[in-house]
Amino acid sequence: MNMIAPGSHRMAAVALGLSALSKTYGAAAVVDGVDLNVEPGQLISLLGPSGCGKTTTLRMIAGLITPTAGAIHFGDRNVTGIPVHHRNVGVLFQNYALFPHMTVAGNVAFGLEMRSRDRRRNRALVDDALAMVQLTRFADRYPHELSGGQQQRVALARALAIEPQILLLDEPFAALDRKLREEMQIQIKDLQRRIGITTVMVTHDQEEALTMSDQIAVMNNGRIEQYAAPGEVYDRPATRFVAQFIGVSNLFEGEVAERRQHDSVVRTASGVLMTARETGNRARVTLCLRPEAIRIAPAAVGAEPGVDSALGTVSRIVQRGSITEYHLRLACGDTLIACRPSGESDGLTVGLRVIASWASERIHLLV
Amino acid sequence: MSSVAQQSAVAPARAQRAETAPHGRYALPKGALLVAPAAIFLLACFVVPIAQMVGYSLTAHMDQGIAVPGLTTENYARLFRSNLYWVVLTRTLRIAAITSVICIPIAYPLAYVMARGSAFWSRLVMFTVISPLLVLVVVRAYGWKLILAKQGFLSWLLQNLGIAQAPPTLLYTEWAVIIASAHVFLPFLVLPVASAIGKIDLGVEDAARTLGADWRAVFWRVTVPLSLPGLAVGVTLVFSLTAASYVTPQILGGNFAAMLGTLVQQQVLSVNDWPFGAALATVLLIVTLVVNLVMLRLFERRFARWAGRGEAR
Ligand SMILES: Nc1ncnc2c1ncn2[C@@H]1O[C@H](COP(=O)(O)OP(=O)(O)O)[C@@H](O)[C@H]1O
Ligand SMILES: [Mg+2]
């Protein structure tokens with residue numbers, strides 16, 4: 001079994017390895033040849049739209065679903081055929097799946113009791129686990145007597161008490177309100193880093209993935225489109241899908257108008273000229289430009305757009321908290337989205353003619 | 001179209017916090033109206049006749065069946081003086097209890113398949129379990145009589161398997177009544193247990209498996225405890241129905257396994273002693289009620305707290 005992904009030359013240890021992992025239901029490939037290596041202690045996210053196969057992948061890692069093809073390794077150990085109750089994974093389910101008929105302490109003790117009959121030791125471990133999530137006071141409560149955030153902490157304590165090899169989180173924050181969600185994101189990330197457990201998190205929320213992950217695997221239609229660090233995924237999306245999925249993005253398709261030594265000039269259909277780091281011999285390319293890379297200023301009368309700039313009119317201004325979005329209608333009728341920190345509006349108003357420009361190194365060429 | 005600015009398609013569906021409507025607040029007047037027909041029906045057809053029966057049991061009677069005015073506790077005194085009635089009462093409770101207990105291990109696998117199996121298996125089990133109820137009670141009892149008779153199928157089977165040497169006595173024993181009662185009252189246990197199992201979140205069982213529980217541990221530590229509310233209802237039903245049954249013990253138990261129902265029938269129809277029959281029926285009613293209340297109370301104590309009943313959040 002090839003454990004090292006193609007192109008990885010570092011000899012990094014692998015805590016979790018998926019190779020050509022697939023799951024088909026009837027004719028539908030829900031997970032389609034997923035390759036993924038996770039280094040020890042990392043938190044990676046499976047990020048993608050609903051229905052792209054994230055949960056199925058996670059459940060295959062847990063052993064709750066048998067893969068149609070491919071292999072799963074925990075370290076050097078091939079666990080593909082190992083049943084779920086011998087896999088030693090901790091799973092935080094989306095709705096927490098606490099045992100309603102057991103107290104908080106009973107919930108946390110369950111996994112320990114499956115492993116050992118040593119009551120004294122189990123009780124000490126339960127105490128440790130509850131202390132870790134600051135729920136010692138609630139040991140004798142039943143799950144329905146707790147708030148959502150407390151229930152999640154119980155579920156986390158229960159999953160971690162068995163000292164699992166891998167921690168799996170399925171949309172862990174989806175059921176929490178915004179404030180609590182942000183709090184729990186920080187808490188779980190801190191805890192994960194402190195105990196250094198290799199973790200796979202499933203989410204459809206790009207912000208969540210960007211803030212919490214060491215690596216992000218962007219999934220679409222059962223495949224991984226890009227597997228890279230958050231900054232990389234954000235700044236240099238590998239595909240059109242990734243670019244669109246990770247936040248607002250301006251995408252341009254165009255033809256190479258002029259080839260130069262280190263780059264080329266691309267003319268989009270609407271006539272905007274852009275510098276692209278294209279040195280190959282492709283005639284048509286797709287370019288991606290982040291909203292925050294675009295500068296806008298009121299256009300002087302008779303201004304002419306050159307390379308890496310465009311003339312347009314402010315058509316809409318959208319406040320998004322700490323940033324403000326400016327929708328620009330370009331001369332050709334297309335829309336360009338730019339953003340800048342709120343409070344730096346510089347008198348930009350709807351209907352104003354502006355010139356948008358950007359540094360050529362902020363343009364990302366999709367392969 | 002070549003320069004396109006696109007908004008990401010992702011507007012994450014944030015937690016759908018379904019506002020729970022405060023049903024309870026407006027429920028009272030409307031609920032009372034809805035319950036009224038059933039309440040009136042129960043009052044007219046259940047509470048009044050029972051009151052009447054209890055009243056009867058407190059009247060004296062003459063040999064010709066003519067009622068004597070005035071109240072007396074003589075009927076009850078007579079009931080407790082005679083050893084026969086005590087024997088029959090304990091037998092009735094014993095048969096009802098054993099039937100309930102025997103039904104439990106039979107019901108669980110069936111309920112499990114009904115709740116968790118594919119549509120085909122679920123329906124097949126449902127039909128099989130309910131089918132005895134579709135057969136007239138007398139026909140069903142005679143059917144069992146054929147099977148349990150000395151020359152019957154079960155006797156033949158036990159002898160050929162070498163379990164019994166001589167033809168075993170099955171008919172006109174308590175066991176004949178128990179077997180037939182279990183057969184017909186099984187659905188009253190299977191259905192509530194299946195419904196309870198169906199309500200268990202599959203994620204909870206998955207969680208148990210990831211924590212190291214094999215299927216046995218999942219069953220005993222998660223599925224069974226969470227289906228206890230259904231089991232409590234089912235056991236109560238089977239117990240009450242068996243204790244109050246009359247045709248089955250009459251045909252299959254005969255005089256050797258007579259139950260309280262048979263005695264009531266004898267007093268009312270053969271001896272024509274209505275007050276004493278009413279006293280027997282009242283005792284049966286009270287004993288069954290007490291047993292059920294105690295049983296439900298025991299179950300309730302176990303799951304009242306986690307089911308969130310009787311305690312404010
Ligand atoms: N048991 C199943 N049978 C058939 N299709 C399934 C089954 N489970 C999941 N799917 C399909 O697989 C796809 C991926 O599901 P899932 O992994 O839950 O997606 P995600 O978690 O990314 O939203 C969905 O389109 C879903 O309908
Ligand atoms: Mg999912």
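The model shown is predicted, which means the values in this text are computed figures rather than measured ones. Naming: A, B, ... by sequence-line order, numbering from 1 per chain.
The OG1 atom of A/Thr335 sits 9.5 Å away from atom CG of A/Asn250, with the distance rounded to the nearest 0.5 Å. Remark: A/Phe252 CZ to A/Thr286 OG1 distance equals 11.5 Å, nearest 0.5 Å. Atom CD of A/Gln152 sits about 5.0 Å away from atom CG of A/Leu176, to the nearest 0.5 Å.
Residues of residues 179-187 of chain B never come closer than 4.5 Å to chain A when only heavy atoms are counted. The stretch residues 194-206 of chain B places B/Asp201, B/Gly203, B/Val204, B/Asp206 near chain A, each with some heavy atom under 4.5 Å from a heavy atom of that chain.
Across all non-hydrogen atoms, the minimal contact from A/Ile162 to A/Leu112 is CG2-N, 4.1 Å. The two residues A/Val108 and A/Ala129 come nearest to each other via the heavy atoms CG1-CB, 3.8 Å. The shortest heavy-atom contact between B/Leu189 and B/Val235 is CD1-N, 3.5 Å. In this structure, A/Trp358 and A/Leu273 approach most closely via the heavy-atom pair CZ2-O, 4.5 Å.
In this structure, the side chain of A/Ser309 does not engage the main chain of A/Pro305 through any donor-acceptor pair within 3.5 Å. Checking side-chain atoms of A/Gln150 against main-chain N and O of A/Ser147 turns up a donor-acceptor pair under 3.5 Å.
When heavy atoms are compared at a cutoff of 4.5 Å, A/Leu98 approaches chain B solely by way of its backbone atoms N, CA, C and O. Of the atoms belonging to A/Asn88, not a single heavy atom falls under 4.5 Å from chain B.
For the options A/Glu255, A/Met114, A/His101, heavy-atom pairs under 4.5 Å to chain B are most numerous at A/His101. The residue among A/Arg158, A/Met102, A/Arg87, A/Arg141 with the most heavy atom pairs within less than 4.5 Å of chain B is A/Arg158. Counting heavy-atom pairs under 4.5 Å between each of B/Ala213, B/Ala217, B/Pro225 and chain A puts B/Ala213 at the top. Interface summary for chain B: among A/Ala155, A/Gly111, A/Ala310, the most heavy-atom pairs under 4.5 angstrom belong to A/Gly111.
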For the pair A/Glu225 and A/Met219, evaluate side chain to side chain contact (heavy atoms under 4.5 Å, CB included) and give the outcome as yes or no after the intermediate values.
CA-CA 6 Å; A/Glu225 297 237 344; A/Met219 283 186 77; over 6 Å; no

Salt bridge (Lys or Arg N to Asp or Glu O under 4.0 Å) assessment of A/Glu113 paired with A/Arg117
CA-CA 6 Å; A/Glu113 286 163 8; A/Arg117 291 191 183 283; over 6 Å; no

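Annotation: cation-pi geometry satisfied between B/Arg116 and B/Tyr112 (NZ/CZ under 6.0 angstrom from ring centroid, within 45° of ring axis).
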